[in-house]
Amino acid sequence: MSVEPKATLSREASARRDAPPHPPSCERPLIDLRNICMAFARPSGAPLPVLADVDLTVHEGEILGLLGRSGSGKSTLLRVAAGLAKPTAGKVVYRGTPLEGPAEGIGMVFQTFALYPWLTVLQNVELGLDALALPIEEARRRATAAIDLIGLDGFESAYPRELSGGMRQRVGFARALVGEPALLLMDEPFSALDVLTAETLRTDFLDLWVERQLATRGVLLVTHNIEEAVLMCDRILVLASNPGRIAAEIAVPLPHPRNRLDAAFRAIVDDLYATLTTRLTESLGPQRRLLGGRMQPLPHAAINRLWGFLKRLASPTFNGEGNLSTIARRLGLSTGELLPLAAALHLLALAELTDGRIKLTATGRVLERAERDERKRLFREHLLRCVPLAGHIRQVLEERASHDAPRERFELELEDHLTRREASETLRTVIAWGRYAEAFEYDDRTRTFKLASPS
């Protein structure tokens, strides 16, 4: 995205370019979400709460971030703000008017590129103007201007298959911006990109925002990346899980452009890590009380990455402990990659999480140094003792004469207490951990759990 004024979306957008950047105005809310509750139906028909009593306001001139772990309801909340999902309770007010569905003036950028492969770049961007029913010439002019603004001038006739991932996401931005939305909703728009492409696109968007080259007056950004949130946002709302609710609000009073190495920047990052880890560990108590912890959602942490993280943490670089923000920076891990690994070690009692720090337990240190068979034995003991779902599966298999059980048996149990996505991810995790530990086997072809045969 070039910030040079090569094209404009409208005369109003051109006039705004000369205006100085303005701070958020508490007197001019763009959108209010008031006491939002959302619940989905369980297989039994009973409601499964996903959001509970969420209040948030996006003011003119600010980027508001929604930060939370997977399953905290961030994307659901964004769909409610877009008018794409009706809350079970509460109301949404957009520019003083209750929102009853998708509204003019609200644009959305998705996590995936969501482009039509049979349409050119220009045609994909023009789709963002369909609801406005503009004359063909005006629609073409505005689409071309949006493409120029986001740095794809010359690619109007290209098809998505000809573009890189970063260029495809720029088309997604152009399609969202071409209608000159007052409110822009962004659902992890950089997470599907590689690190360098994401950084370039993120910086280019901020340049356009700070230089007032956008018609957009406010942004609601969903992310699970702490540094991205501090880099972009004026305020950050931290969401807790099960059900999703606002656990903390943190202001980011730093001028743009922001330097990741500044002490003030690092302090806010550390504060957010501490808040997220505190909420994570606090949530384990209620989850363990639910059917003995069998219905506890498990972090999606692949076993090979878990061992790699354990070994790096035990290396002389960290000597078994450190601040999560420092570890993430040194290992090149995003928040979404690091927190599931840290949560898994904490859950398995191989490490302790407190106030944004992680420290290997004595067992974690022994396990890292152990030979393969001993490591598997120790891991199996901790898995069956610390992860009640794994112990439950093992017990069911031992009690059955056939020593097998269908996946559906445990799937239905989980879906009665977790969302379908959480249930699926939890089963995928426990299967991987159980296979490695040789606690049980799983046949994906027949979708059947079986008691593991000793090696």
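Counting all heavy atoms, side chain and backbone alike, Gly166 lies closest to Leu201 at O-CD2, 4.4 Å. The two residues Ala81 and Leu99 make their nearest non-hydrogen contact at O-CD2, 3.3 Å. The shortest heavy-atom contact between Gly336 and His224 is CA-CD2, 3.2 Å. For the residue pair Leu231 and His256, the shortest heavy atom distance occurs at O-CE1, 3.3 Å. In terms of heavy-atom proximity, Ala342 sits nearest to Leu353 at O-CD1, 3.8 Å. Taking every heavy atom of both residues into account, Leu306 and Ala301 meet most closely at CD1-CB, 4.3 Å.
Under the side chain to side chain donor-acceptor pair (under 3.5 Å) criterion, Arg421 pairs with Glu425, sequence neighbours left out. The salt bridge (charged side-chain N to carboxylate O under 4.0 Å, His left out) search around Lys311 returns Glu368, not counting sequence neighbours. Every residue two or more places apart in sequence or in another chain that forms a side-chain contact (heavy atoms from CB on, under 4.5 Å) with Pro243 is listed here: Pro49, Ala52, Arg245. In terms of the side-chain contact (heavy atoms from CB on, under 4.5 Å) criterion, residue partners of Leu129 (sequence neighbours excluded) are, by chain and number, Leu132, Leu134, Ala139, Arg142, Val178. With sequence neighbours left out, the side-chain contact (heavy atoms from CB on, under 4.5 Å) criterion links Tyr116 to Trp118, Leu119, Asn124, Leu127. Residues forming a salt bridge (charged side-chain N to carboxylate O under 4.0 Å, His left out) with Arg357 (at least two apart in sequence, or on another chain): Glu321.
Atoms OG1 and CG, on Thr144 and Leu149 in that order, are 12.5 Å from each other to the nearest 0.5 Å. Here the straight-line distance linking atom CD1 of Ile268 with atom CD of Glu227 works out to 11.5 Å at 0.5 Å rounding.
Between Arg79 and Asp187 there is no salt bridge, since no side-chain N of the basic residue sits under 4.0 Å from a carboxylate O of the acidic one. Between Arg260 and Glu199 a salt bridge is recorded (basic side-chain N to carboxylate O distance below 4.0 Å). With respect to Glu137 and Arg140, no salt bridge is recorded, no charged nitrogen being found less than 4.0 Å from a carboxylate O.
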Between Tyr94 and Glu100, does the side chain to side chain contact (heavy atoms under 4.5 Å, CB included) criterion hold? Intermediate values first, please. CA-CA 10 Å; Tyr94 171 63; Glu100 301 296 339; over 6 Å; no
Go through Ser334 and Asn225 one step at a time and tell me if the side-chain hydrogen bond (donor to acceptor under 3.5 Å, both in side chains) criterion holds. CA-CA 6 Å; Ser334 70; Asn225 188 319; 5.0 Å; no
Give the intermediate values and the outcome of side chain to side chain contact (heavy atoms under 4.5 Å, CB included) for residues Thr277 and Asp355. CA-CA 6 Å; Thr277 53; Asp355 295 329; 5.6 Å; no
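Open room surrounds CD on Glu352; 12 or fewer heavy atoms of other groups in view lie less than 6.0 Å from it. Taking a 6.0 Å sphere around CZ of Arg435, one finds it holds more than 12 heavy atoms contributed by other residues, nucleotides or ligands. Within a 6.0 Å radius of CZ in Phe318, other residues, nucleotides and ligands contribute more than 12 heavy atoms.
For the pair Tyr436 and Leu383, the minimum side-chain heavy-atom distance is 4.5 Å or more. A 4.5 Å side-chain heavy-atom check between Cys37 and Asp53 finds at least one atom pair inside the cut-off. Looking only at side-chain heavy atoms (C-beta outward), Leu239 and Leu67 stay at 4.5 Å or farther from each other. Contact check for Phe173 versus Val171: no side-chain heavy atoms found under the 4.5 Å cut-off. Annotation: side chain of Asn35 is not in contact with side chain of Lys91 (no heavy-atom distance under 4.5 Å). Taking 4.5 Å as the limit, some side-chain heavy atom of Ser325 sits within range of a side-chain heavy atom of Asn323. At least one side-chain heavy atom of Leu414 sits under 4.5 Å from a side-chain heavy atom of Leu427. Side-chain contact check for Leu177 versus Leu214: some heavy-atom pair is nearer than 4.5 Å.
A cation-pi arrangement, defined by a distance under 6.0 Å to the six-membered ring centre and an angle within 45 degrees of its axis, is absent between Arg258 and Phe265. For the pair Arg161 and Tyr159, the distance from NZ or CZ to the six-membered ring centre is under 6.0 Å and the angle to the ring normal is within 45 degrees. Judged by the 6.0 Å distance and 45° axis criteria, Arg312 is not positioned over the aromatic ring of Trp307.
At distances below 3.5 Å, not a single donor-acceptor pair connects side-chain atoms of Glu138 with backbone N or O atoms of Pro135. In this structure, Asn259 contributes its side chain and Leu261 its backbone to a donor-acceptor pair below 3.5 Å.
Using modelled atom types, one finds no donor on one side chain facing an acceptor on the other under 3.5 Å when comparing Thr223 with Glu188.
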